[in-house]
Asker: 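Sending over a structure as structure tokens; questions will come in a sec.
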Number of protein chains: 2
Amino acid sequence: MDIHSIKVACSSCNLRELCMPVGLSPDEMSRLDSVISTRKRVKRGSALFNNGDRFSSLYAVRSGFFKTRVTSVDGRDQVTGFQMTGEILGMDGIVNDHHSCDAVALEDAEVCVMPFDRIESLSREFSALQHHVHKIMSREIVRDHGVMLLLGSMRAEERLAAFLLNLVQRLHSRGFSQSELVLRMTREEIGSYLGMKLETVSRTFSKFVEEGIIEVKQRHVQIKDTEALRRLVNPPSGS
Amino acid sequence: MDIHSIKVACSSCNLRELCMPVGLSPDEMSRLDSVISTRKRVKRGSALFNNGDRFSSLYAVRSGFFKTRVTSVDGRDQVTGFQMTGEILGMDGIVNDHHSCDAVALEDAEVCVMPFDRIESLSREFSALQHHVHKIMSREIVRDHGVMLLLGSMRAEERLAAFLLNLVQRLHSRGFSQSELVLRMTREEIGSYLGMKLETVSRTFSKFVEEGIIEVKQRHVQIKDTEALRRLVNPPSGS
DNA sequence: CGGCTCATTGATGCGCTTCAATTAAAGTGG
DNA sequence: CCACTTTAATTGAAGCGCATCAATGAGCCG
């Protein structure tokens, strides 16, 4: 066991509200600790796993920030999500025993490695853990449906507004500001996620700035009028 | 037990390759039979469940055809998928104990009702079933990522070509033709799924007909040049 | 047959992409 | 530490793809 494995314990992790362990007894919790065998560091720009890699584990983001991306046969790619502290990566790999997307760190990151066969065997013992795994996967499905709604029916301004509100809400629930955020991804990555070109992302940011809704300094964004963003996502009534 | 409950048994179901039971022993199979408590008929146009309904069960499509759809606060909706025989509905409901989308039958349909708490308890006994449940949810996640790629990075022709190829492939794996299909959904529903307007769907169909790729007579589609469709989805190299 | 829903097709315009140039920031080596 | 290079972001101008509006046609059913 290397030095990074010390204190790798869900029971003493300050992320337990966000991550896997929920409603477990102290005994169950310590059994879960034994599942989280290792931590793994991932350097900015490198991949936690790639499309085609053999699937073995789920990963809980301990620190840092990831994007996941799928690539079509002809090389186009699409960012399918951004994952922050406490969120789970790797569920795409279960169905075919191989990953079907890339997970790339957008800043130096650390993840908890949770071997999936261990999760499954422990799930057979603890129904609370079992149900939690099901919820995590269901949550991902529901999130994906929301992205489809965004991609299929919203216009550029609405998409970016929804994106900002979503990001800031997730950051807020992790103790950060409701109104300030630092983007960890490029305009191009935002655009890929939102189905628009980087120039459109940039222009839309500028438009929001002109309208006094946000302030932008590079990747630092300050939200000055949350309600205006909400109105953009959900147009009052008649378009 | 009403008459429809007779012979509701996975062990004698000709869909077992497509649906839930995989790699179960005869004993396990008969235990699974006991989970599938009932069948339920759903008339064309009516909902199996709606957004907000309490979640209790997963549903396996026994016959017929469904769409699922999410609705935004301001009333826009997005078709998130079309489900045919052997496919599973309802996984969206696990995370919040309530469904977050509507599942509407596009033709008279019948589903197997699988109470989720029973699935979970049986999953704790049979690891094969447990893993299969995980695979089904993972498959849905992977499918959703594919739809995001389609919505985020493809143009109208590519989207419709991908849609047709996907439909015909799923039908083929159920014993139907590789080249002929009957659309169970309207142009508007196709458009909602693909993020385009019904007029664009219609025009794109017409374009394919002009190019000799397909023949269309109302909802009956005959694919005359599968390779041309494949080339549309995956442009040769340039462009 | 008349009234419905669904589909097709045309004309016009807008939103976003594309191409291109400029600026700003971040990383690199002398 | 400051030139130099590289990457990221902004902004403008032009064009295209798809949406929108509108009218017609085709099936379906009471």
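Treat the numbers as computed from the prediction; the structure is a model and nothing was measured. Chain A is the first sequence line, chain B the second, and so forth, proteins listed ahead of strands; every chain is numbered from 1.
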Asker: First and last nucleotide of DNA chain D in contact with chain A, 5' to 3', at under 4.0 Å to a heavy atom: what are they?
Answerer: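 With heavy atoms of chain A under 4.0 Å away, the range is D:dA8 to D:dA13.
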Asker: Indicate yes or no: does A:E87 engage A:R143 in a salt bridge with an N to O separation below 4.0 Å.
Answerer: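 So A:E87 does not pair with A:R143 through a salt bridge.
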Asker: Could you tell me which non-hydrogen atom of A:R44 sits nearest to which non-hydrogen atom of A:D108, and how far apart they are?
Answerer: N-OD1, 2.7 Å
Asker: Let me know, please, whether B:A156 or A:V201 comes out on the 5' side of the other along DNA chain D by nearest nucleotide.
Answerer: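 With B:A156 and A:V201 compared, the 5'-side residue is A:V201.
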Asker: So, using side chain to side chain donor-acceptor pair (under 3.5 Å) as the criterion, who are the partners of A:D97 when residues are at least two apart?
Answerer: A:R54
Asker: Not counting sequence neighbours, which residues clear side-chain contact (heavy atoms from CB on, under 4.5 Å) with B:V209? List them please.
Answerer: B:I214, B:V216
Asker: Compute the angle between the rotation axes at the two ends of the helix from C:dC1-D:dG30 to C:dG30-D:dC1, each taken over five pairs, rounded to 10 degrees.
Answerer: 40°
Asker: Counting C-beta onward and ignoring hydrogens, is there a side-chain heavy-atom pair between A:S179 and A:V168 closer than 4.5 Å?
Answerer: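 The answer is no, as the side chains (C-beta and beyond) never meet within the 4.5 Å cut-off.
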Asker: Please name all residues satisfying side-chain contact (heavy atoms from CB on, under 4.5 Å) with A:L18, sequence neighbours left out, ordered by chain then number.
Answerer: A:L15, A:R174
Asker: Just to verify, which of B:E107, B:E110, B:M84 counts as forming a side chain to side chain contact (heavy atoms under 4.5 Å, CB included) with B:S63?
Answerer: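 Result: among B:E107, B:E110, B:M84, B:E110 is the only option passing the side chain to side chain contact (heavy atoms under 4.5 Å, CB included) with B:S63.
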Asker: Can you name the residues that form a ring pair (Phe, Tyr, Trp, His ring centres under 6.0 Å) with A:Y59, not counting sequence neighbours?
Answerer: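 Listed in chain order: A:F49.
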Asker: I'd like to check A:Q178 versus A:T226 (side-chain heavy atoms, cut-off strictly below 4.5 Å). Are they in contact?
Answerer: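 Not touching, per the 4.5 Å side-chain cut-off.
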Asker: Have a look at A:T80 and tell me which of A:T68, A:D92, A:D144 forms a side chain to side chain donor-acceptor pair (under 3.5 Å) with it.
Answerer: A:T68
Asker: Going 5' to 3' on DNA chain C, which nucleotide is the first and which the last to come under 4.0 Å of a heavy atom in chain B?
Answerer: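 Range of nucleotides touched by chain B: C:dC6 to C:dA11.
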Asker: Might you point out which heavy atoms bring A:V201 and A:G191 nearest each other, and give the distance in Å?
Answerer: CG2-CA, 3.6 Å
Asker: List the residues meeting salt bridge (Lys or Arg N to Asp or Glu O under 4.0 Å) with A:K40, not counting sequence neighbours, and say none if there are none.
Answerer: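 Expected list: none.
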Asker: Strictly below 4.0 Å, heavy-atom distances to any atom of DNA chain D: list the hits from residues 182-193 of chain B, or just say none.
Answerer: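 Close to the strand, none.
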Asker: Of B:E157 and B:E199, whose nearest nucleotide on DNA chain D comes first from the 5' end?
Answerer: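 Nearest-nucleotide comparison on DNA chain D picks B:E157.
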Asker: Does the distance from a Lys or Arg side-chain N to an Asp or Glu carboxylate O, for A:E210 and A:K207, drop under 4.0 Å?
Answerer: no
Asker: Sequence neighbours excluded, which residues qualify as side chain to side chain donor-acceptor pair (under 3.5 Å) partners of A:T71?
Answerer: none
Asker: Using a 4.0 Å cut-off on heavy atoms, which residues in residues 203-218 of chain A reach DNA chain C? List them by number, or say none.
Answerer: A:R203, A:Q218
Asker: Could you pull out all residues at least two apart from B:F55 that satisfy ring pair (Phe, Tyr, Trp, His ring centres under 6.0 Å)?
Answerer: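 With neighbours one apart ignored, the set is B:H99, B:F116.
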